[in-house]
Amino acid sequence: MLTKNDKITTPQTIVLIITTLIGVWITTLPATLAEKSGPDSWLMVIIGGVISVLGAAIVTSTGRQFPEKTFIEYSVETLGVFGHLFNLGLIIYLVILTGMVVRIFGEVIKVFLLDRTPIEVIILTMLALCVYLTRHGIEPIARTAEVLLPILMLPVIIIYLMIILFNGDLSNFMPFLRLDFKEIIAGTKATVVSFLGFEVLLLFIPLMQNPHQSTYSSFVAILMVSILYLFVVVTVIAVLGIVETSLLIWPGISVLRMTETAGTVFPRMDVVILSLWSIAGFTTISPMLFASAFGISRILKAREFKSFIVPLVPVAYMIAMFPKDVLEARKAVEAVSNMGLFYIFVVPLLILTAHWIRRRVLNR
Amino acid sequence: MKGKVFILTVLIGASIFFHGCWNMMDLEKKTFIMMMGIDALPEGQQDKIKVTLTMPVPRQLAGAEGGGGPRPETPQQILQSTGNTVYGTIRQITNRLSRQLYFEHMTAIVIGEEAAKGGLDRFLDVFQRNKDFLRMAKLYICEGKAEDVLKMETEMEPLVVTYINQIVHFNSSRSLRAINYSIGKVITELHETNGNSLVMRIRPEKKEAVVAGSAVIKNWKLVGWLSDRETRGILWMLKEINRISVETSIELQTPQKGLVVLDLVNFTNKTKAKIQDGMPVFYINMRGEARIVEKEERIIKKEENLERYEKPIEQAITKEINNALQKVQDEYRVDVVNFGEHLRKYRPDYWETVKEKWDLMFPHVKVVLNVDVKIRRQGIFK
Amino acid sequence: MLGFLKNLFKKKQPEKIYTRPLRINDRLSRNLEKNLETFKNIFKDCDDVIFKRFCFGPDGKSKGLLIFIDGLVEKERIHYGILEPLIYEINLKTFNNKKEFLGIDYIVDQGITAPEVKRTKEMRELVEAALSGETVLIIEGFNEGVIVGTRGWKSRNVEEPTSESAVRGPREGFVENLKTNTTLIRRRLRDNELKVKMYKVGTRTNTEVAVLYVEDLANPEVVKEVDNRIRKINKDAIQESGEIEQLIEDDWLSPFPQVRYTERPDVAVSSLMEGKIAIIVDTSPFVILVPMSFIGLLQTSEDYFERWYIASFIRLLRFTGIFISLMMPGLYVALIAFHPGMIPTPLALSIAATREGVPFTALVEALIMSFSIELLREAGLRLPAPIGQTVGMVGGIIVGEAAVRAGIVSPIMVIIVAFTAISSFATPNYSLAAGIRVLTFVVLGAAAFLGLYGIALVFMALVVHLVTLKSFGSHYLSPLVSARLIELLDTFIRAPLFMLKYRPGVSRPQEYKRQRNERRDNPPREESED
């Protein structure tokens with residue numbers, strides 16, 4: 001139905017968060033997990049999901065205290081000067097993250113689909129498409145996510161299901177629950193990194209029709225995403241085994257090349273999935289680009305965010321091209337994700353504490 | 001409006017500056033490599049390998065247009081080159097090739113005996129690293145030289161690769177005398193067990209090939225062969241059987257003299273490991289069904305008792321498995337039956353203590369078999 | 001550049017509504033001769049305008065003037081409705097007082113027996129009336145003219161619409177006569193809530209446009225918007241509803257049509273019952289329906305007249321057809337040129353074999369063949385009916401065959417292109433099919449540039465475009481993006497009629513429920529025979 005104001009409904013929020021989270025990490029997660037956690041990778045996914053829910057709860061309850069304001073405003077309100085610093089940091093983080101995600105996305109497309117195409121082209125075309133969507137505002141972004149989510153999910157689920165049914169060996173998970181505490185911590189960090197993406201909620205809560213349902217929405221969304229991640233990780237490790245999975249760079253895609261029985265009509269499902277996977281990248285990069293532009297517009301107290309989108313593109317592009325090879329790119333991502341964790345867990349708690357203190361002081 | 005201008009600029013700019021579609025290469029300018037063969041060069045030239053590639057000549061394969069007329073000669077072309085690494089050698093071949101190489105339809109890779117003996121890990125890296133190669137291509141190790149396989153002139157199928165792949169496809173499920181491992185599966189196995197696996201075995205003759213039995217790989221090197229029956233013995237213990245539906249037949253000597261041939265279907269097996277006196281003992285339970293397909297003796301009795309063949313079958317199967325085990329344990333001393341894996345998964349604590357010396361322990365583990373076969377049918381004739 | 005910047009800062013001025021030049025400003029005078037002069041001037045050199053002077057009245061001394069256009073009027077009505085009563089019957093009457101008679105009121109109320117009568121002092125109205133087929137009556141001594149409804153002209157019979165034929169369904173189609181069209185709708189929708197509002201559009205053509213809607217179903221905002229947009233049209237000539245469509249649609253840049261048109265009254269009535277608004281344009285048999293969604297464009301009335309199995313199946317087929325006609329050539333190029341690994345090996349070898357000797361790349365081939373098919377289609381349309389179809393088929397087959405023999409294209413390409421054309425014929429809406437035909441080339445270009453990734457990009461761009469497209473305020477992708485999942489019963493499939501309880505949300509009707517309860521589960525109770 002027509003919503004005259006640019007606000008997103010609760011189901012739209014759920015879908016938006018889901019598609020933002022399901023980005024580029026789905027292909028690398030099994031490798032990282034297999035390397036760090038071995039057969040208990042499935043447990044790590046669940047733990048990662050739980051921790052992400054925790055993080056989302058922190059972010060959203062902070063946001064709910066200030067239903068009409070974004071992080072930009074209430075950080076200044078509660079933390080004063082530090083608020084300004086955090087705002088700047090957040091924008092920088094978002095822009096860097098956008099650049100990183102689009103780079104990883106480009107790498108996968110280049111390696112598997114278009115190996116002779118310059119990665120600049122892949123990145124630029126994807127950014128151009130994101131600009132087209134982002135200029136319309138948050139609601140079209142959410143609506144597009146609504147339409148694209150089933151198109152992305154159904155084939156993915158069906159194909160992975162076929163792979164695991166015909167080729168999977170669940171006993172690959174067998175030495176059961178033998179991780180010690182240190183390993184769990186290490187593995188958790190890797191998993192939570194793949195769930196990153198809902199820090200955009202810091203900026204989106206006032207755009208919801210019902211900001212008070214933000215916690216519920218993020219909970220549902222993360223639940224769905226965890227299930228999907230679990231499914232993919234289980235499929236990959238069941239089919240390829242722990243050792244192999246940890247040796248591959250993009251096991252999420254490599255596992256698709258095992259489809260011998262699944263393809264009587266089309267022997268090569270990986271190409272289909274890769275082209276669908278552009279949808280996953282698109283739905284992840286667009287909200288991030290929007291969040292960056294929107295955040296800047298709030299900092300500068302501008303009327304419209306639209307004009308900030310286009311200037312951000314060259315910045316994101318340069319960031320994307322900055323790492324000189326794949327390994328560097330992945331290391332950069334890990335570094336950036338630390339910032340993300342900071343903004344999810346640490347900063348909102350600071351804000352909440354400061355807010356609470358203020359209230360006590362003011363009430364006196 | 002500004003956004004639309006930007007997008008258009010990007011697209012037009014991209015088309016102009018990055019002119020050309022880099023990945024677009026028309027189909028007929030590519031040549032599909034159907035099979036690859038890797039051989040080690042014998043004398044002196046120690047580490048050199050010879051790579052043979054098969055490519056189809058499309059004109060001979062055209063469907064409707066070129067129909068009729070006598071069958072032309074084998075519609076495939078062979079190119080070879082020698083070099084140090086697989087990829088490097090392949091690139092050399094392009095010196096003589098009028099088209100671009102395209103590997104995404106390569107469904108069979110054959111490695112010669114000598115090359116395999118020298119160590120497989122040398123060749124397998126290129127297949128894992130490059131996306132151009134299919135993980136579901138089939139890996140064969142051939143008795144003799146790989147190039148002989150590629151040079152065969154097959155009659156029934158136009159291409160050798162179709163021929164041998166189809167043999168494997170039917171043989172592995174219909175008679176269980178060959179294994180059906182793609183290169184992906186082999187690589188996974190090798191990684192998991194640090195170098196042990198079975199690989200398909202092929203023996204080329206002038207116009208036919210025999211794909212049966214298997215090659216035993218230990219520590220990434222070829223150490224020997226298993227015959228088709230021995231392979232079957234091993235396969236009966238592996239888990240693959242549970243998933244695929246197989247048929248195989250066994251000839252039996254019955255007490256009344258004469259041979260009976262039975263078809264065995266619907267197998268399942270379960271493996272359990274128990275530790276006794278510090279050594280693992282593996283209990284394997286197998287169940288299956290059978291039906292009689294050929295009998296030498298004539299039955300005059302009116303009552304036919306199917307059950308009386310059950311015991312002989314079970315004994316025959318057990319014997320076969322034990323033979324295979326003996327070969328694998330005593331002669332080759334390599335764990336291709338995934339016992340080590342089993343211990344790692346189900347008895348992890350124990351495995352931690354023995355995993356270093358598993359290679360030494362394996363030949364001494366005991367296996368207790370329990371085979372249970374039920375004969376259900378006997379065809380349409382008494 | 002500067003001008004562009006200046007425009008950014010200029011204040012928006014209020015929109016002016018263009019009114020037609022008032023060429024005829026005068027009013028009637030009381031003098032009949034003067035009026036006659038004026039009219040003769042206005043209609044100078046219009047030899048089909050007839051001026052009839054007559055005398056009537058008790059003493060035969062009152063003078064009157066009839067003005068009408070030959071061919072537009074039903075002359076019998078003039079005779080029996082105006083002249084006869086005025087000339088004969090008034091003469092036969094005896095008036096107590098002569099003054100009783102004099103007066104337009106008397107003539108209008110008791111004199112003229114024609115049912116539609118209107119009075120006016122404006123010259124302009126009289127001229128327009130005459131041009132519309134009415135008869136103008138002017139009487140000496142009065143500056144008011146009388147317009148009598150006498151329309152009657154030859155128009156096409158109601159017959160089966162050519163562009164939309166159905167296997168099962170009524171065989172009546174709209175014609176070029178507005179009143180007939182409204183009749184066809186009124187017959188099917190006998191509800192007093194069906195409102196008909198008339199407009200005149202086109203500064204020169206003065207075409208009559210009727211807007212129909214069911215008042216308690218249609219959304220008043222949409223009605224208002226339609227009213228607004230029609231009033232804003234200031235083109236000089238309107239001949240077809242297509243022109244109205246283009247002038248009131250939301251996004252003229254989009255390849256997708258945002259209104260639906262139909263030649264079938266049953267379709268119009270179904271839409272009205274959903275809360276949509278119908279716009280009928282005189283002289284055009286195509287009626288416009290707004291607001292419309294993408295899914296709505298894929299539906300035909302037949303879907304509802306057949307049972308739900310076949311209807312659902314055909315709908316799915318159509319949807320697949322659209323997808324195929326959009327993507328097929330692009331997919332071909334992408335697969336052949338970029339990712340041949342995706343094709344099963346025997347097929348790949350076969351295709352490679354058949355492409356031996358073709359000098360062009362897959363892209364050029366696809367372009368040549370698509371272009372030829374489009375030319376063939378156009379050619380088929382221009383030729384008279386029986387020849388056209390034969391030429392289309394024969395031309396396609398022969399040209400395709402010959403091209404393959406000559407080695408210009410490969411047989412696979414011919415199959416692909418033919419299949420694409422067939423799929424696009426399955427699209428029920430011609431505008432939509434036309435839009436998609438154009439988009440096929442865009443997809444082809446993207447495929448040639450970046451293979452499957454390019455197709456994915458274009459597909460996503462299309463989704464974004466569709467998602468943001470609006471038709472009179474409703475989302476174009478309405479059932480898919482609204483939260484009303486119940487509507488899915490009528491989009492890709494068609495659930496049995498008793499399940500379709502709600503109206504589609506695209507028209508944002510005021511009342512959603514269509515029917516009260518479920519179908520008859522129990523047979524009707526038998527009246528006991530007592």
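A note on names: the letters A, B, ... follow the listed sequences, proteins ahead of strands, and every chain is numbered from 1.
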Fill in: Interchain contact, A/I151 with chain C, by part (heavy-atom threshold 4.5 Å)
side chain
Item to complete: Taking the side chain as every heavy atom from C-beta outward, state whether A/V147 and C/V467 have any atom pair closer than 4.5 Å.
Response: yes
Discussion item. Would you say that more than 12 heavy atoms from the other residues, nucleotides or ligands in this model lie under 6.0 Å from the CZ of A/F219, or not?
Written reply: no
Worksheet entry | C/F459 vs A/L276, side chain to side chain contact (heavy atoms under 4.5 Å, CB included): CA-CA, chis, key distance, verdict | CA-CA 10 Å; C/F459 175 69; A/L276 285 180; over 6 Å; no
Discussion item. Rounded at 0.5 Å granularity, tell me how far OG1 in C/T468 sits from CZ in A/R135.
Written reply: 12.0 Å
Response to the item:
Shortest non-hydrogen pair, C/H339 vs A/L113, comes out as CE1-CD2, 3.3 Å
Discussion item. Within this structure, what is the OG1-CZ distance for the pair A/T117 and C/F338, rounded to the nearest 0.5 Å?
Written reply: 6.5 Å
Fill in: Closest non-hydrogen atom pair, C/A456 against A/S275
CB-O, 3.5 Å
Fill in: Minimum heavy-atom distance C/V464-A/H136, with the two atoms named
CG1-ND1, 4.5 Å
Worksheet item: chain C heavy atoms under 4.5 Å from A/L114: which part of the residue, side chain, backbone, both or neither?
Response: side chain
Worksheet item: What's the shortest heavy-atom distance between C/M460 and A/I279, and which atoms?
Response: SD-CA, 3.5 Å
Worksheet entry | Euclidean distance, C/L450 CG relative to A/M126 CE, rounded to 0.5 Å | 10.5 Å
Worksheet item: Do side-chain atoms of C/Y453 reach the backbone of A/I109 as a donor and acceptor pair under 3.5 angstrom?
Response: no
